[in-house]
Amino acid sequence: MDWSWLPEYGPKFIGGIWITIQLMVYSLIMGMSLAVPIGLVQVAGPRVLSWLALAFCTVIRGTPLLIQLWLIYYGIGSLFPYMEGIRESWLWPILREAFPYAIFAFTISVAGYAGEVMRAGFAGVPKGELEAARAMGMRPFTVLRRIWLPRAVQNVMPTLANECVFTLKSTPLAATITVFDVFGVGTMVRQETYKIYEPLLFVAGIYILMTGVIVLLFRWLENRVPRPRVSSGA
Amino acid sequence: MIDIIVQAKPVGIEWLSYSPPGWGRNLLQGLASTIQIAIGAYLLGTTIGLLGALGKLHGGPVTRFVLEVYTTIIRAVPELVLILLLYYAGTDLLNRSLAALGYERVDISGLAAGIYVIGFVMGAYATEVLRGGIQAVPVGQIEAAKAYGMPFWQRYRRITIPAMIPFALPGMANLWLIVTKDTALLAVVGFTELATVTKQAAGTTREYLMFYLAAAALYLSLSLISTVFFRWLERRYRRGQAVPA
């Protein structure tokens, strides 16, 4: 094992970790915000919307993320340069980069997987609690904000932790479309130093640490949320 | 007069036709390799998972510790990193041991390497699914088997494994879907399967959108058909079980 390359590439790895964190956090935040309506319409929405949400989840969960990413970056991305006037518009500097495509692909992926999770979460909130909230005179939106959503999130907390780890583990795919995340930096080191194992093991170690941090974070979060003292006896 | 036959360059959807210059045949061959790798990896992963689950439940402290490290690390590291690591480490190890035994170096076929790499990763997940399944079998049934004087293996073969299947099936069905999708990652190492073929087709024809859509449709139909199959299987194995309210 030869680690002499580490000091030289250390700063690049810090940059890579930062990109990985950005990829994960942005797509989780945006994906989760999409997952809430996607889950909700499947439980309480009109037939058309619920059908659309189901179709979206099925397609996202039924195709490899790598294919989705390449479809978005190479497929849709290759259409933009031919559009009239797009090179002059303010969008062009964004559309030229690979990073936004990666964020977009991961976002819809999180939305698809977490949408399914949220559906179960919303469906699992006892009807009585919602009826009680309505009986208190809350408007539908207030019921959602104060009762339904918090209780649904509480229901799916353990699954959400898995979802975060899952998202972290999909971020290295971004390196296949030239984003320099941790994995991308590792690949660069491999190509420049002709070493195979050391950079890969180093990258694997970084991911293990990050997974550990996520797991601990969620354990702390779950402990903060007060649990109902009386079990439902299920 | 000599007629020069100019083969018309395909337009749009014609690129997908079965005969050249269409890429349809290549895509279907890619799909066939994907299915082969997935089935092989699934069988390997299930075998590792079964042994792993037995080891975790009945093994000594060392076995249990080793298995705990295996399942924890595999589940914490991205599949892409694992695939590269296992691929290089595997071929290295094989060639070194072949050299030590005085044989020539070999190039492992993409199929075998793909099965080994994905199967090894899946084994960690299968270990957990199957362990949960075995633990869900009512203790009374196993005690009854013991009372009949069945030895360990016979007990497993006749009672525990058949009784565990309904509990493990949902998780194992999920793993099959994950395995079929994970085979696409082999494109990064360059094995011939659907994602690699799609990449080649898209790059050669510059019809990126259409080929990736076609590949997505193929993967989607594979997982939809699999879902229907596993639903049928689950219904079959749940015969005679009380329907959960």
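Below, chains carry the letters A, B, ... as their sequence lines are ordered, and counting in each starts from 1.
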*Asks:* Check whether any side-chain heavy atom of B:Leu185 sits under 4.5 Å from a side-chain heavy atom of A:Leu173, and report yes or no.
*Replies:* yes
*Asks:* Could you report the tightest heavy-atom contact between A:Gly62 and B:Ser223, atom names first, then the distance?
*Replies:* O-OG, 3.1 Å
*Asks:* Compare all side-chain heavy atoms of B:Thr198 with those of A:Trp70 and state whether any distance is below 4.5 angstrom.
*Replies:* no
*Asks:* Say whether, by atom type as modelled, one donor and one acceptor occur between the side chain of B:Lys181 and the main chain of A:Leu66 under 3.5 angstrom.
*Replies:* no
*Asks:* For A:Trp18, look at atom CH2 and say whether over 12 heavy atoms of other residues, nucleotides or ligands are found less than 6.0 Å away.
*Replies:* no
*Asks:* Between CG of B:Leu82 and CG of A:Leu200, what distance do you get to the nearest 0.5 Å?
*Replies:* 10.0 Å
*Asks:* Can you measure from OG1 (A:Thr187) to CG (B:Leu80) and round to the nearest 0.5 angstrom?
*Replies:* 7.5 Å
*Asks:* In terms of heavy-atom contacts, does NZ of A:Lys169 have more than 12 from other residues, nucleotides or ligands at under 6.0 Å?
*Replies:* yes
*Asks:* Looking at B:Ala184, B:Ala89, B:Ala215, which has the largest count of heavy-atom pairs under 4.5 Å with chain A?
*Replies:* B:Ala89
*Asks:* Any chance you could measure A:Phe166, atom CZ, to B:Glu79, atom CD, to the nearest 0.5 Å?
*Replies:* 7.5 Å
*Asks:* Under a 3.5 Å distance rule, please check whether A:Tyr197 uses its side chain to pair with a backbone N or O of B:Tyr88 as donor and acceptor.
*Replies:* yes
*Asks:* Against chain A, label B:Leu213 side chain, backbone, both or neither, depending on which of its atoms sit under 4.5 Å from a heavy atom there.
*Replies:* both
*Asks:* Got more than 12 heavy atoms from elsewhere within 6.0 Å of OH, A:Tyr26?
*Replies:* no
*Asks:* Quick check for you: to the nearest 0.5 Å, what is the distance between A:Thr211 atom OG1 and B:Ile73 atom CD1?
*Replies:* 11.0 Å
*Asks:* Are more than 12 heavy atoms, taken from residues, nucleotides or ligands other than A:Tyr101, located less than 6.0 Å from that residue's OH atom?
*Replies:* yes
*Asks:* Using every non-hydrogen atom in the two residues, find where B:Ala216 and A:Thr63 come nearest and quote the distance to one decimal.
*Replies:* O-CG2, 3.2 Å
*Asks:* With chain B, which of A:Gln68, A:Arg190, A:Met210 has the greatest number of heavy-atom pairs at distances under 4.5 Å?
*Replies:* A:Arg190
*Asks:* Heavy-atom cut-off 4.5 Å, strictly under: side chain, backbone, both or neither for B:Val81 against chain A?
*Replies:* both
*Asks:* Can you find a pair of side-chain heavy atoms, one from A:Phe183 and one from B:Leu84, that are under 4.5 Å apart?
*Replies:* yes
*Asks:* Among B:Thr180, B:Leu220, B:Leu222, B:Leu194, who wins on heavy-atom pairs under 4.5 Å with chain A?
*Replies:* B:Leu220
*Asks:* Among the options A:Leu71, A:Val59, A:Thr58, pick out the one with the most heavy-atom pairs lying under 4.5 Å from chain B.
*Replies:* A:Leu71
*Asks:* With a 4.5 angstrom heavy-atom cut-off, could you sort out which part of B:Ala217 is near chain A: side chain, backbone, both or neither?
*Replies:* neither
